[in-house]
Number of protein chains: 2
Amino acid sequence: MTQDKKTYHHGDLRQSLLQAATQIIRDGGVDALSMRKLADNVGVSRTAPYHHFKDKNELLCAIAEAGFADHIRAVSELPQQHPDLEPRLLFELYVLGYIRFADANPETYDLMFGKEIWKLGQPTESLKGISKCCFQHWLEWIETLQDAGILTDKHPTLRVAQASWATLHGLCRLLNDGIYVNREDLEEMGKTAAAMLLAQAGT
Amino acid sequence: MTQDKKTYHHGDLRQSLLQAATQIIRDGGVDALSMRKLADNVGVSRTAPYHHFKDKNELLCAIAEAGFADHIRAVSELPQQHPDLEPRLLFELYVLGYIRFADANPETYDLMFGKEIWKLGQPTESLKGISKCCFQHWLEWIETLQDAGILTDKHPTLRVAQASWATLHGLCRLLNDGIYVNREDLEEMGKTAAAMLLAQAGT
DNA sequence: CGATCAATCTTGACACCGTCAAGTTATTAC
DNA sequence: GTAATAACTTGACGGTGTCAAGATTGATCG
């Protein structure tokens, strides 16, 4: 637990806190993270973290923010890695990528898109910013797919983006929240969902 | 708070607890519910509830269970109320009904389909039962729609059911968790989602 | 270099929480 | 009427987030 203390001033406590918190959350879920345990974990007193984060909510926001950064990076790389792939397959790839991210980082995903921050807490301005940016990416891509004729353009881009995102999000939630869905079925479900969303190409 | 106490034995404490708990949750969310406040609320000591529910988890399960009962009842009524409606429109109606339920009872919905019980806690056997039954209904209906040719039969019924359910669930979560979605857009989003899921009729 | 100031970290305290153990009271079964 | 049992009580333990006030240190300026 308590690391050997050397100096009164820690040095880069903020960074250490974020790192330790991320680890704790990865191991035992968001609920396993308490400010006190966290402080003890980095070898500092209970209330020391409050000099770097206004409250627990702000800490969680910071972690979520890092999650968005990861997510955006992963997504941006996709089209570059597969430059000549048919849009339909690229879409499926994206869907699978999204789901895999949620599966690999369930707790981070929970923070990014869960009520803990967005409903019960208060998202930081910078968190709002990066998440908005993330959705913007999605929106633009949906528009591209509409233009390419593989997603319906009978409905506004915003609605199509919301509805398709909801599908991905729903899959991830069902999985991560432990409701019915088995992990082994994940890929297949993702493919089915992708197919159902795309299927109206001809319409 | 504390009601006037008449007898040592309350009489039907279990029922009173459920009722009060439901109210508290409706008012202030699941997090507003504490065993202590609940007990105080019905005029009984802190630990009295533990003679009727093993722990908080069991209480929540009981509430969720009631939610499923309501939900199933509402859904079952639908086809009867609109006996001669075209299946496509009936599907849209179902989608809207599902979303409206989640919108009208956000906290109950959260309990029914949230990680609080299914991942962090332990669903009661009877809760598992009724939720399974609920999904079974959905599954059967999806099959009907596949047979009627308005939902794809290129994928197994189970997968189509999961994918379409995920879409509804995702919409509800985005709404209830306070992520991006505006309540005013709800109906329109539901319709878009329904349309996208159904659109492959011709395929 | 020395004094000051602000940042950083500490201990103490408060009001909550879930729930276990042991004791009290009322109801039921014989 | 007595014994058993179910319902309910108080007391206690260890946990939580975070506020207030004090201690320590590094940085800044004369």
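Chain letters run A, B, ... following the sequence lines, proteins first and then strands; every chain starts at 1.
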Checklist entry - Should the heavy atoms of other residues, nucleotides or ligands under 6.0 Å from CD of B:Glu77 be counted, would the total exceed 12? => result yes
Would you tabulate the nitrogen or oxygen pairs shorter than 3.5 Å linking the protein to nucleotides 14-17 of chain D?
| from | atom 1 | to | atom 2 | distance (Å) |
| --- | --- | --- | --- | --- |
| D:dT16 | OP1 | A:Ser34 | OG | 2.8 |
| D:dG17 | OP1 | A:Met35 | N | 3.0 |
| D:dG17 | OP1 | A:Lys56 | NZ | 3.1 |
| D:dG17 | OP2 | A:Met35 | N | 3.0 |
| D:dG17 | OP2 | A:Arg36 | N | 3.4 |
| D:dG17 | N7 | A:Arg36 | NH1 | 2.4 |
| D:dG17 | O6 | A:Arg36 | NH1 | 2.7 |

Checklist entry - Are B:Glu188 and A:Arg159 ion-paired here, with the side-chain N under 4.0 Å from a carboxylate O? => result yes
Checklist entry - C:dG18 P sits how many Å from B:Leu38 CG, rounded? => result 9 Å
Checklist entry - Just by distance, do the side chain of A:Glu107 and the backbone of A:Ile25 share a donor-acceptor pair under 3.5 Å? => result no
Checklist outcome for this item: Note: contacts of residues 120-128 of chain A with DNA chain D (heavy atom, under 4.0 Å) are none
Item to check | Any residue of residues 12-29 of chain A with a heavy atom less than 4.0 Å from an atom of DNA chain C | outcome: A:Leu13
Checklist entry - Rounding to a whole Å, what distance do you find between B:His51:NE2 and C:dT24:P? => result 15 Å
Checklist entry - Which whole-number value in Å describes the distance from B:Arg46 CZ to C:dA21 C1'? => result 12 Å
Checklist entry - So which pairs with a foot in residues 45-70 of chain B pass salt bridge (charged side-chain N to carboxylate O under 4.0 Å, His left out), sequence neighbours left out? => result B:Asp70-B:Arg73
Item to check | B:Trp118 and B:Phe113 aromatic centres sub-6.0 Å | outcome: no
Item to check | For B:Glu125, all residues meeting salt bridge (charged side-chain N to carboxylate O under 4.0 Å, His left out), sequence neighbours excluded | outcome: B:Lys128
Item to check | Residues which pass side chain to side chain donor-acceptor pair (under 3.5 Å) with A:Asp27, listed by chain and number, not counting sequence neighbours | outcome: A:Gln23
Checklist entry - Can you name the closest pair of heavy atoms from A:Ala163 and B:Thr192 and give their distance? => result CB-CG2, 4.2 Å
Next on the checklist: Just checking B:His169 against B:Tyr109, ring centres under 6.0 Å apart?
Outcome noted: yes
Next on the checklist: Using ring-ring contact (aromatic ring centres under 6.0 Å, His included), reason through A:Phe135 and A:Phe68 one step at a time and then give a plain yes or no.
Outcome noted: CA-CA 10 Å; A:Phe135 184 68; A:Phe68 272 106; over 10 Å; no
Checklist entry - Is it the case that A:Trp165 and A:Tyr98 place a side-chain donor and acceptor less than 3.5 Å from each other? => result yes
Checklist outcome for this item: DNA chain C nearest-nucleotide lookup for A:Thr47 and B:Asn57: closer to the 5′ end is A:Thr47
Next on the checklist: If you compare every side-chain N and O of A:His52 against the phosphate oxygens of C:dC9 (OP1, OP2), does one of them come in below 4.0 Å?
Outcome noted: yes
Checklist entry - Whole-Å distance between D:dC8 C1' and B:Asp40 CG? => result 15 Å
Checklist entry - Closest to the B:Ala48 side chain: C:dT10, C:dT11, D:dT9? => result D:dT9
